[in-house]
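This report refers to the structure that appears directly beneath it.
Quick caveat: nothing in here was measured; it's all calculated off a predicted structure. The first residue of the sequence shown is numbered 1, and numbering continues consecutively from there.
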Amino acid sequence: MRTDKNSDRKNGSRTIFDSVGKYVAENFLPLISFVVMFVLASLLAFFRIATTNTISSYNIDDYEVGQISDVTIKANKSLPADYDNPVSVQKGEKVIRKGFPITEEGYAKLKRMAESSAYIDYRAFADSVLYLMMLGVLYFFLFSRTCLGKKPSGKEMITENLFFVFTYAVAVLGMKTVLFSSPYALGVILPVAFCSFLMAILFGQLDALCFALHAAFGVLNASGYLLVPFLYTLCISLSAARIVHKIERRIDIVFASLLQGVLSAVFLTVFKIIFNDSFAEGMLSLAGVAFNGFLSGILCLGFLTPLEYVLNSASVFRLMDLSDLNNPIMKKMLVTASGTYNHSMMVASLAEAACREIGANSLVARVGGYFHDIGKMDNPEYFVENQSGRENIHKDINPSLSVSIIRSHVKKGVEKAREMRMPPQVVDIISEHHGNQVIAYFYNEAKQSDPNVSPDDYSYSGNPPSTRESAVVMLADTVEAACRTLEKPSVPRLDKFIQTLINAKIENHQLDNCNLTFRDLNLIRQTFVQMLAGYYHSRIEYPDQKDPDAVRPQEAVLGDRTLDKARGIEAPAAADGAADGAANAAAGKQKEQPAKADDGAKKGSAKKAEKDAKAEKDGKAEKEPKGDAAEHKKGKGNGK
């Protein structure tokens with residue numbers, strides 16, 4: 001019995017250690033960055049405590065002569081008298097006693113202890129370290145799948161740690177200066193708006209909101225637990241994250257910086273009113289925070305491009321650049337694989353509209369739709385949309401070889417995307433847009449010759465979509481390709497057919513990891529139906545419209561001449577004859593006779609062509625059935 005318990009304990013311990021080891025291996029860089037952040041913040045906290053006049057976590061300004069002490073303070077070190085403080089302190093001496101009034105000598109000794117560089121309040125430092133540890137727990141909670149709805153990348157967490165240390169250091173150093181030591185003046189130098197702008201643009205609004213909470217609690221500790229800097233930091237960070245939420249052009253950052261400057265001044269004014277602070281000495285602070293907000297946007301505009309390149313993030317500006325159809329790879333696709341190009345355009349439009357309806361990132365979906373099939377450019381003739389009436393190549397090769405060619409376009413697409421340094425979100429869409437589903441057409445063909453064939457050999461080797469945008473691109477890709485085979489694509493038929501395709505994806509477990517709800521799927525289906533119904537719209541048949549394959553070349557020429565005649569344009573032959581006659585008359589009598597002969601020949605050819613056309617038209621009229629002629633007359637009468 002004891003052996004079983006010991007083995008269970010060992011197995012449990014081993015499981016815990018394996019889980020911790022796996023977590024550390026998967027998040028090595030973020031953990032290292034957090035440790036570095038914690039060490040740097042602790043050093044800054046030590047600097048703050050060592051340069052602050054505190055004793056036992058109490059500031060010297062909290063005491064005065066004659067005050068009844070609420071705590072007993074003992075000296076931890078012996079301090080000799082000096083010129084500024086001509087009193088000595090002995091180790092272990094009770095400087096002040098709880099419940100007794102503070103004497104002048106006791107206050108002088110307290111002041112000597114607080115101003116001594118040899119005396120460091122380690123209790124206050126321990127309090128700050130404990131606070132930073134709790135802040136670390138908050139950091140791991142904020143930047144987790146629970147809050148962000150996704151697994152944060154290492155670049156996100158490293159960037160957030162750098163911004164936090166930067167903000168914390170500015171707050172600590174600012175409180176040590178005379179100019180910015182006031183809680184209302186500290187906001188003039190805090191870079192929270194700048195950091196929030198970058199976090200929101202580079203990684204999204206949720207990351208910026210989590211950074212706002214983390215930075216605000218950091219400033220609370222750095223400012224000596226003053227409430228005004230904490231509230232100001234929180235408000236500025238949240239407003240900055242919201243302002244740049246839906247910007248689409250770089251010039252919009254300038255307008256965002258102007259708005260941020262106004263909001264900064266408004267927030268500080270409100271806090272001055274709430275905490276009953278004087279405006280006489282705070283006008284410079286109001287101007288300073290307004291300039292800080294404006295400058296933050298301008299600096300963000302300058303730092304954004306290099307950070308986009310270094311971090312390879314899917315920022316709105318980076319995605320807008322990738323969505324430009326004039327880039328070389330899209331031009332190459334248009335030339336080498338025009339069918340795939342047109343398919344990608346439609347997939348991108350469907351995915352963008354659907355993501356907009358469900359609240360997903362429509363720009364990521366659009367770019368993913370453009371590039372999801374770039375791997376087909378190496379072998380475009382093996383994909384049916386590029387065969388354009390030619391015989392299907394796959395009829396002459398083995399199904400297993402066909403599957404290997406079809407599957408390879410996903411791998412090649414991922415390789416091309418990484419060579420172009422596309423954002424990870426776009427690369428994931430390319431790798432996941434087919435999931436791991438079976439290629440049914442070739443699997444059924446192979447199964448006819450070998451009933452024991454494995455479905456895994458005829459399946460894509462990717463993973464099912466992990467994000468909503470990737471899942472929407474998968475559905476758009478399937479729907480666009482399948483609906484091209486649908487006869488008479490009316491709205492009810494499209495609706496039923498698309499619902500069948502979506503149900504098939506659900507049954508094959510392709511949508512298990514993407515967080516799409518049934519409400520989202522319903523909105524996606526409705527969007528697809530609406531857009532495809534407009535794409536496959538019908539047209540009214542024009543009068544006398546003929547099948548181009550049934551029209552002979554001579555009829556086409558005659559039709560053009562008849563149209564020209566109706567427009568009042570003379571026959572080309574007659575015009576040429578008149579021009580030639582005028583030219584020959586001006587040239588002289590020696591060349592007049594050959595010119596007239598040529599002119600007559602051309603006129604004769606024109607008359608002969610008109611005569612043949614008239615005879616052929618009369619012959620066709622005689623062959624026309626009487627019923628058709630009656631209907632024609634009847635239609636003509638109705639037209640009148």
Side-chain angles (χ1 to χ4, degrees), residues 201 246-252 304-305 308-309 312-357 360-388 409-434 467-481 483-484 524 527-528 530-532 534-537:
I201 295 173
K246 289 187 177 181
I247 59 173
E248 295 182 354
R249 301 172 301 170
R250 295 183 186 270
I251 191 64
D252 292 339
L304 189 58
T305 300
E308 284 177 338
Y309 180 79
N312 193 23
S313 63
S315 67
V316 60
F317 305 121
R318 181 89 186 282
L319 292 173
M320 290 294 290
D321 293 339
L322 289 174
S323 66
D324 184 7
L325 298 180
N326 290 318
N327 62 67
I329 193 167
M330 295 304 295
K331 287 185 175 181
K332 183 179 178 181
M333 182 190 292
L334 177 61
V335 174
T336 61
S338 57
T340 299
Y341 178 88
N342 292 312
H343 163 72
S344 299
M345 295 300 103
M346 193 62 190
V347 169
S349 299
L350 290 172
E352 181 183 18
C355 284
R356 190 179 293 112
E357 288 296 323
N361 193 327
S362 59
L363 193 53
V364 170
R366 187 174 84 189
V367 175
Y370 284 154
F371 294 99
H372 77 284
D373 273 344
I374 57 174
K376 292 182 179 180
M377 289 193 299
D378 292 342
N379 300 302
E381 67 276 5
Y382 285 93
F383 299 91
V384 66
E385 67 266 22
N386 299 313
Q387 292 173 0
S388 62
H409 86 274
V410 177
K411 182 180 179 181
K412 290 179 180 179
V414 172
E415 292 174 355
K416 289 180 181 293
R418 287 176 177 165
E419 288 176 2
M420 296 173 62
R421 294 195 79 252
M422 288 189 181
Q425 292 88 334
V426 179
V427 178
D428 290 342
I429 289 176
I430 297 173
S431 65
E432 296 172 354
H433 78 277
H434 282 301
T467 62
R468 296 200 296 170
E469 294 80 9
S470 182
V472 171
V473 172
M474 168 188 272
L475 294 175
D477 181 39
T478 302
V479 167
E480 199 280 334
C483 287
R484 286 182 179 271
I524 292 169
T527 304
F528 287 173
Q530 180 182 0
M531 294 194 65
L532 291 174
Y535 180 72
Y536 294 116
H537 64 278

Problem - For A360, side-chain contact (heavy atoms from CB on, under 4.5 Å) partners two or more places apart - result: C355, I358, R468, E469

Problem - Any side-chain heavy-atom pair of Q530 and E357 under 4.5 Å - result: no

Practice task
Kindly indicate whether the side chain of L319, heavy atoms from C-beta on, has any atom under 4.5 Å from the side chain of V364.
Solution key: yes

Handout entry: Heavy-atom closest contact (A417 atom, V427 atom, distance)
Key = CB-CG2, 3.9 Å

Fill in the blank from the handout: Here the salt bridge (Lys or Arg N to Asp or Glu O under 4.0 Å) pairs for residues 418-433, sequence neighbours left out, are none

Handout entry: Minimum heavy-atom distance P423-A314, with the two atoms named
Key = CB-CB, 3.6 Å

Exercise for the section: Would you check if L532 and M346 make a side-chain contact, meaning some heavy-atom pair closer than 4.5 Å? Expected result: yes

Completion exercise
Applied to residues 324-342, the salt bridge (Lys or Arg N to Asp or Glu O under 4.0 Å) test, sequence neighbours excluded, yields none

Handout entry: Rounded distance (nearest 0.5 Å) linking atom NZ of K376 with atom NE2 of H409
Key = 5.0 Å

Practice task
Look up atom OG in S344 and atom CG in L334, then write down how far apart they are to the nearest 0.5 Å.
Solution key: 11.0 Å

Completion exercise
By side-chain contact (heavy atoms from CB on, under 4.5 Å), L325 pairs with (sequence neighbours left out) M330, Y341, M345, Y370

Exercise for the section: List the steps and the verdict of side-chain contact (heavy atoms from CB on, under 4.5 Å) for N361 and Q425. Expected result: CA-CA 11 Å; N361 193 327; Q425 292 88 334; over 6 Å; no

Exercise for the section: Determine the minimum heavy-atom distance between I247 and V316, stating which atoms define it. Expected result: O-CG2, 3.4 Å

Problem - Side-chain donor/acceptor of Q387 to backbone N/O of E381, under 3.5 Å - result: yes

Problem - side-chain contact (heavy atoms from CB on, under 4.5 Å) partners for N386, two or more places apart - result: A337, T340, P380, F383

Problem - Residues that T478 engages under side chain to side chain donor-acceptor pair (under 3.5 Å), provided they are two or more places apart - result: K505

Exercise for the section: Determine whether F371 and I329 make a side-chain contact, defined as any pair of heavy atoms from C-beta on separated by less than 4.5 Å. Expected result: yes

Completion exercise
Minimal heavy-atom distance between V347 and D477, with the atoms involved, is CG2-CA, 3.8 Å

Problem - Inter-residue atom distance K411.NZ - S431.OG, 0.5 Å rounding - result: 13.5 Å

Fill in the blank from the handout: Hits for side chain to side chain donor-acceptor pair (under 3.5 Å) against N312, two or more places apart or cross-chain, chain-then-number order -> R318

Practice task
Just do the ring pair (Phe, Tyr, Trp, His ring centres under 6.0 Å) check on H372 and H343 with the steps written out, would you?
Solution key: CA-CA 10 Å; H372 77 284; H343 163 72; 5.4 Å; yes

Handout entry: Distance (rounded to the nearest 0.5 Å) between Y535 OH and C483 SG
Key = 11.0 Å

Practice task
List in chain and number order the residues that pass side chain to side chain donor-acceptor pair (under 3.5 Å) with S315, two or more places apart in sequence or in another chain; answer none if no residue qualifies.
Solution key: E308

Completion exercise
salt bridge (Lys or Arg N to Asp or Glu O under 4.0 Å) filter on K416, not counting sequence neighbours, yields D378

Practice task
Taking atom NZ of K412 as the centre, report whether more than 12 heavy atoms of other residues, nucleotides or ligands fall under 6.0 Å from it.
Solution key: yes

Practice task
Answer whether the closest heavy-atom distance between the side chains of M422 and V367 falls below 4.5 Å.
Solution key: no

Problem - T467 OG1 to I429 CD1 distance, which is reported to the nearest 0.5 Å - result: 5.5 Å

Completion exercise
For R356, the salt bridge (Lys or Arg N to Asp or Glu O under 4.0 Å) test, sequence neighbours excluded, returns E352

Completion exercise
For Y382, the ring pair (Phe, Tyr, Trp, His ring centres under 6.0 Å) test, sequence neighbours excluded, returns H394

Exercise for the section: Return each pair, listed once, that meets ring pair (Phe, Tyr, Trp, His ring centres under 6.0 Å) where at least one residue sits in residues 321-340; pairs must be two or more places apart or across chains. Expected result: none

Problem - E385, CD: over 12 other non-hydrogen atoms inside 6.0 angstrom - result: yes

Problem - Closest approach of T527 to A354 (non-hydrogen atoms, all atoms of both residues) - result: CG2-N, 3.8 Å

